[in-house]
Amino acid sequence: MMMGGDSSPPAVAGGPARHVPVLIRRVVEFLGAEDGGVYVDATFGAGGYSRAILDAAHCRVIGIDRDPAAVARGADLVQAAQGRLVLAQERFSDLDAVVRGFGYAAVDGVVFDLGVSSMQLDEAGRGFSFRLDGPLDMRMSGGGGEAGPSASDVVAHASEHDLAAIIATLGEERFARPVARAIVSARAEAPISSTRALAEIVERIVHARPGQIHPATRTFQALRMFVNEELLELAAALSAGERVLKPGGRLVVVAFHSLEDRIVKTFLAERGKRAAVSRHLPEAAQAAPTLRLLTGRPVTPDDAETAANPRARSAKLRAAERTDAPIGATPHAGLQRLLPRLPSLSDAAQGRRR
């Protein structure tokens with residue numbers, strides 16, 4: 001990575017992050033942080049990536065997170081960064097608007113760390129964890145009238161068919177149908193309003209085996225992804241990141257879920273090749289690639305990182321560099337076809353069938 005000067009940039013304090021960022025050294029290397037640059041940490045979380053970027057160069061970072069608690073926890077890091085870090089509580093699909101709101105037309109790099117943080121799992125009141133009893137919420141933005149339906153709403157009203165589709169597709173749970181059937185049967189007896197109640201229902205269907213993940217892991221993952229519309233957000237965020245990058249700017253994504261990684265892989269591949277408008281047009285008239293791939297294959301953690309941080313096991317890093325080709329003139333195929341066919345969040349939360 002380039003430092004842009006003879007002396008090291010000032011280290012940024014702010015206390016250690018409880019959440020351990022995955023592949024952090026490789027993320028900073030691919031981002032290529034330089035003095036004077038502006039970078040977007042689109043999934044701020046505990047600030048691990050932001051801290052590493054600020055330590056790598058005398059640059060500025062815009063941190064984005066849907067979670068108001070994450071933004072509040074970042075106050076110490078903002079103060080320690082002495083004007084080089086700003087935070088916004090927004091969806092990362094709106095990152096280009098956030099960047100403009102802070103007065104920048106374009107940035108030098110954007111990084112995404114997808115999924116839920118260990119801090120969110122450790123907070124029972126957020127409803128992400130099957131290990132800690134709490135309200136069945138799972139909304140990244142927290143509760144409130146503007147936050148949208150919760151996991152409890154979906155569990156209470158979605159049809160058995162739709163629940164099975166959500167759990168099978170987003171959780172990759174092979175017992176999705178019997179789990180959905182058990183949920184519908186249980187809610188007819190009493191509301192399922194806590195994480196413990198839902199976990200116990202799933203445990204009656206998916207049996208624990210030594211050395212394997214908790215039986216409720218996949219069902220909880222599916223509901224979290226569905227409630228927060230994470231795949232829709234990701235598709236929009238990748239396009240927003242591409243739009244806001246300067247020529248030569250870097251896009252770096254760390255994904256943990258196979259569907260997320262597939263979307264990232266396809267997006268980078270499509271943007272990284274010449275888009276054929278028509279076979280009848282000369283090659284010069286074809287739209288030029290808007291991204292240059294930096295990772296032919298995904299970068300994965302080594303054995304040492306996996307041993308130290310089990311969360312890293314399924315991580316895949318992909319990166320690309322922005323070319324100077326105009327995006328508006330590049331008719332790449334959209335990502336809608338990559339998104340699974342599932343009910344809308346509002347329909348599921350109100351019990352409306354597709």
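Quick caveat: nothing in here was measured; it's all calculated off a predicted structure. For this chain, numbers begin at 1 and follow the sequence in order.
The closest side-chain heavy-atom distance from L291 to F267 is below 4.5 Å. You'll find the side chain of I183 reaches within 4.5 Å of the side chain of V155, heavy atoms only. Residues L317 and V253 form no side-chain contact, since every pair of their non-hydrogen atoms from C-beta on lies 4.5 Å or further apart. At a threshold of 4.5 Å between non-hydrogen side-chain atoms, the residues V40 and V111 do not count as touching. No side-chain heavy atom of F44 sits under 4.5 Å from any side-chain heavy atom of I64. Using a 4.5 Å cut-off on side-chain heavy atoms (C-beta onward), E203 and P215 make contact. Proximity of S193 to L136: side-chain heavy atoms (C-beta onward) are nowhere separated by under 4.5 Å. Between V202 and F175, every side-chain heavy-atom pair lies at or beyond the 4.5 Å cut-off.
In this view, R60 satisfies the salt bridge (Lys or Arg N to Asp or Glu O under 4.0 Å) rule with no residue, not counting sequence neighbours. Listed by chain and number, the residues in a salt bridge (Lys or Arg N to Asp or Glu O under 4.0 Å) with R262 amount to none (sequence neighbours excluded). Not a single side-chain hydrogen bond (donor to acceptor under 3.5 Å, both in side chains) links R322 to another residue, sequence neighbours left out. Judged as a side-chain hydrogen bond (donor to acceptor under 3.5 Å, both in side chains), and not counting sequence neighbours, the contacts of S346 are S344. D96 meets the side-chain contact (heavy atoms from CB on, under 4.5 Å) test with R100, A240, R243, V244; sequence neighbours excluded. Evaluation of the side-chain contact (heavy atoms from CB on, under 4.5 Å) rule for P191 yields no partner, not counting sequence neighbours. For the side-chain hydrogen bond (donor to acceptor under 3.5 Å, both in side chains) test, residues two or more places apart in sequence or in another chain that qualify with S258 are E172. Partners of T306 under the side-chain contact (heavy atoms from CB on, under 4.5 Å) rule, at least two apart in sequence or in another chain, are P301, R313. Residues passing the side-chain hydrogen bond (donor to acceptor under 3.5 Å, both in side chains) test with E321 are R250, R292, sequence neighbours excluded. Judged as a side-chain contact (heavy atoms from CB on, under 4.5 Å), and not counting sequence neighbours, the contacts of S150 are D137, R139, S152, D153.
Of the possible donor and acceptor atoms, none in the side chain of D324 sits under 3.5 Å from a partner among the backbone N and O of P247. A side-chain donor-acceptor contact under 3.5 Å links D302 to the backbone of E305. A side-chain donor-acceptor contact under 3.5 Å links T295 to the backbone of A319. Using a distance-only test at 3.5 Å, with no hydrogens or angles considered, a donor-acceptor pair links the side chain of T169 to the main chain of A165. Looking at D108, its side chain does come within 3.5 Å of a backbone N or O of V38 through a donor-acceptor pair.
A salt bridge links R224 with E230: the distance from a Lys NZ or Arg NE/NH1/NH2 to an Asp or Glu carboxylate oxygen falls below 4.0 Å. Between D133 and R196, none of the side-chain N atoms (NZ, or NE/NH1/NH2) sits under 4.0 Å from a carboxylate O, so this pair counts as no salt bridge. Between R204 and E200 there is no salt bridge, since no side-chain N of the basic residue sits under 4.0 Å from a carboxylate O of the acidic one.
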Pair F220-L198, side chain to side chain contact (heavy atoms under 4.5 Å, CB included): steps then yes or no: CA-CA 9 Å; F220 272 63; L198 179 59; 3.8 Å; yes
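Remark: H157 NE2 to D347 CG distance equals 13.0 Å, nearest 0.5 Å. Interatomic distance, I24 CD1 to R26 CZ, rounded to the nearest 0.5 Å: 13.5 Å. Expressed to the nearest 0.5 Å, how far CD of E242 lies from CG of L251 amounts to 8.5 Å.
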Acceptor/donor pairs from residues 231-238 side chains to any protein atom, 3.5 angstrom cut, sequence neighbours excluded:
residue: E233; atom: OE1; partner: S93; partner atom: OG; Å: 3.0
residue: E233; atom: OE2; partner: R91; partner atom: NH1; Å: 3.2
residue: E233; atom: OE2; partner: S93; partner atom: OG; Å: 3.1

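Judged by distance alone, the side chains of H257 and Q221 do bring a donor and an acceptor atom under 3.5 Å apart.
Atom CD of Q350 has more than 12 heavy atoms from other residues, nucleotides or ligands within 6.0 Å.
Judged as a side-chain hydrogen bond (donor to acceptor under 3.5 Å, both in side chains), the pairs with a partner in residues 38-50 (not counting sequence neighbours) are, in order, D41-S50.
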